[in-house]
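Naming: A, B, ... by sequence-line order, numbering from 1 per chain.
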Amino acid sequence: MPELPEVEVLKRSLSKNIKSKKIIKIKINNPNLRYKIPKNLSKYLKNKVVKNILRISKYLIIDFGVNKKKLLIHLGMSGTIHLVKKNNKFNTNASFYSHLDLPTKHNHVEIFLNNNLKLIYNDPRRFGFFKFLDEYFMINNLGPDPFNKEFNYNYIKNYIKNKKKNLKILLMDQKFVSGIGNIYANEIIFNCKINPTKNISKLTSKNIYDIIKNTKKVLKKAIYLGGSSIQNFSKTNGELGNFQQEFMVYGRNNKKCLRNNCKGILKKVTISNRSTFFCPICQIN
DNA sequence: CCGTTAACCTGAGAGC
DNA sequence: TGCTCTCAGGTTAACG
């Protein structure tokens, strides 16, 4: 579900609302997420003060200060975090994830804070997880953040050397660049006017510069618009993300290409089991 | 090392 | 109404 922009929006909301707050109680309703929630988590979190919220790739990191283990949260495909006022159920602007009508059935973790706020982790598919950062070594296998200056021409040129895969797979490869998922890969590639099936061994210098430029552009805009909310709840509140209204290709197969003066009809193909949308007319670079 | 596939889960929507 | 089928914002172990 959440890709870099959604996690970033969430990070900013949490920073605003729970930084410097103390955790007073933890309720784990179902520990069976992708990995079992550590047994000592509740005990560990109790009375800890949230010092900082960080994002690495699609992961949220809760920092409790010097020499304290950090908590790592991944939202998988369907994880959401929302904040509610404990008593009157008033929605805070935690992010577009906040929603009063979300079924409570999948509220797997509830964290009570001393400012009368409750943080709820809801995840129907349970692909998300909670772990201590120092016990999750896969975090070390991630490529640079797309906004990091390390993500540059020479890095890409070198990374794709002797590799044979297509551009869509490359952009979603978290070892190459971390944080891009299926929606934003599709949108970025459309912006580059490159066919998603293009083999990376054939990328031109211009292609590479376009990839860098459009990756930042698309992700920045998505963050600015509060991420993408592709799930339609029965009632919406003002806190949904808005980038889904800006989709140029994602979910738009058989529809008209939105690029100026392009008469193409968007196509959908499957790449590595993920839906891939593109315009066969204008994505030809 | 590389690239591909299956598996982990629940729910929504389509088609019958 | 209900059944079956497919698909969904992700990751990773296992395989050839």
A.B. asks: Is it true that Asn158(A) and Lys161(A) share a donor-acceptor pair across their side chains at a distance under 3.5 Å?
C.D. replies: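 Note: Lys161(A) and Asn158(A) side chains meet the donor-acceptor criterion.
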
A.B. asks: Could you tell me how far dC3(C) sits from dC9(B) if I compare only their P atoms? Round to whole Å.
C.D. replies: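 Going atom to atom, P in each nucleotide, I get 23 Å.
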
A.B. asks: Using atom CG of Leu4(A) as one end and atom P of dG10(C) as the other, report the distance to the nearest whole Å.
C.D. replies: 12 Å

A.B. asks: Without hydrogens or angle criteria, can the side chains of Asn107(A) and Asn122(A) be said to hold a donor-acceptor pair below 3.5 Å?
C.D. replies: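 Side chains of Asn107(A) and Asn122(A): pair found under 3.5 Å.
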
A.B. asks: What nitrogen or oxygen pairs link the protein and nucleotides 12-16 of chain C at under 3.5 Å?
C.D. replies:
unit_1, atom_1, unit_2, atom_2, d
dT12(C), OP1, Tyr136(A), OH, 2.3
dT12(C), O4', Arg34(A), NH2, 3.1

A.B. asks: Side chain of Arg126(A) only, please: which of dG3(B), dT5(B), dT10(B) is the nearest?
C.D. replies: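 From the listed options, dT10(B) comes nearest.
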
A.B. asks: For dG10(C) and Lys58(A) - does any side-chain N or O of the residue sit under 4.0 Å from the phosphate oxygens OP1/OP2?
C.D. replies: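 For Lys58(A), the contact criterion (side-chain N or O under 4.0 Å from OP1 or OP2 of dG10(C)) is met.
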
A.B. asks: Find the distance Tyr184(A):OH to dG10(C):C1' and express it as a whole number of Å.
C.D. replies: 15 Å

A.B. asks: May I ask you to establish whether Lys213(A) and Tyr209(A) are in a cation-pi arrangement, using a distance under 6.0 Å from NZ or CZ to the six-membered ring centre and at most 45° from the ring axis?
C.D. replies: no

A.B. asks: What integer distance in Å separates Ile139(A):CD1 from dT11(C):P?
C.D. replies: 10 Å

A.B. asks: Does NZ or CZ of Arg259(A) come closer than 6.0 Å to the centre of the six-membered ring of Phe190(A), within 45° of the ring's axis?
C.D. replies: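 The answer is yes; both the distance and angle limits are met.
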
A.B. asks: Do Arg125(A) side-chain and dC9(B) base share a donor-acceptor contact under 3.5 Å?
C.D. replies: yes

A.B. asks: Looking only at side chains, do Tyr59(A) and Ser178(A) share a donor and an acceptor under 3.5 Å apart?
C.D. replies: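 No pair is found: no donor N or O on one side chain lies under 3.5 Å from an acceptor on the other.
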
A.B. asks: Taking the minimum atom-to-atom distance to the side chain of His106(A), which one of dG9(C), dG11(B), dT4(B) wins?
C.D. replies: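 Within the option list, the nearest is dG11(B).
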
A.B. asks: Check this one for me: any side-chain N or O of Lys105(A) less than 4.0 Å away from OP1 or OP2 of dG11(B)?
C.D. replies: yes

A.B. asks: Is the closest side-chain donor-acceptor distance between Ser205(A) and Tyr153(A) under 3.5 Å?
C.D. replies: yes

A.B. asks: Looking at Ser272(A), I'd like to know whether one of its side-chain N or O atoms comes within less than 4.0 Å of OP1 or OP2 on dT5(B).
C.D. replies: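 It does not, given that no N or O in the side chain of Ser272(A) lies less than 4.0 Å from OP1 or OP2 of dT5(B).
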
A.B. asks: Sort by first number and list every stem of DNA chain C: at least 3 consecutive Watson-Crick or G-U wobble pairs, both distances under 3.5 Å.
C.D. replies: B:2-8 with C:10-16, B:10-16 with C:2-8

A.B. asks: May I ask you to verify if any side-chain N or O of His74(A) is less than 4.0 angstrom from the OP1 or OP2 atom of dG10(C)?
C.D. replies: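 So the side-chain polar atoms of His74(A) never come under 4.0 Å of the phosphate oxygens OP1 or OP2 of dG10(C).
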
A.B. asks: Are Tyr35(A) and Tyr136(A) linked by a side-chain donor-acceptor pair shorter than 3.5 Å?
C.D. replies: no

A.B. asks: Does this structure show an ion pair linking Asp145(A) with Arg55(A), if we count only N-O contacts that are shorter than 4.0 Å?
C.D. replies: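 A salt bridge links Asp145(A) with Arg55(A).
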
A.B. asks: When you compare dA6(B) with dT6(C), how far apart are their P atoms, in angstrom units rounded to a whole number?
C.D. replies: 14 Å

A.B. asks: Quick check on dG9(C): is either OP1 or OP2 less than 4.0 Å from any side-chain nitrogen or oxygen of Arg274(A)?
C.D. replies: yes

A.B. asks: Decide whether a cation-pi geometry holds between Lys69(A) and Phe132(A); the criteria are a distance under 6.0 Å from NZ or CZ to the six-membered ring centre and an angle within 45° of the ring axis.
C.D. replies: yes

A.B. asks: Taking the side chain of Lys163(A) as heavy atoms from C-beta outward, which of dG11(B), dT5(B), dG3(B) is closest to it?
C.D. replies: dG3(B)

A.B. asks: Do any side-chain nitrogens or oxygens of Lys165(A) fall under 4.0 Å of OP1 or OP2 in dT4(B)?
C.D. replies: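 Result: no.
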
A.B. asks: Determine, answering yes or no, if Phe127(A) is stacked on dC8(B) under the 5.5 Å centre rule and the 30° plane rule.
C.D. replies: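 Stacking is present between dC8(B) and Phe127(A), given that their ring centres fall under 5.5 Å apart and the planes under 30°.
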
A.B. asks: If we check side-chain contact (heavy atoms from CB on, under 4.5 Å) with Val218(A), which of these qualifies: Asn191(A), Ile183(A), Ile180(A)?
C.D. replies: Asn191(A)

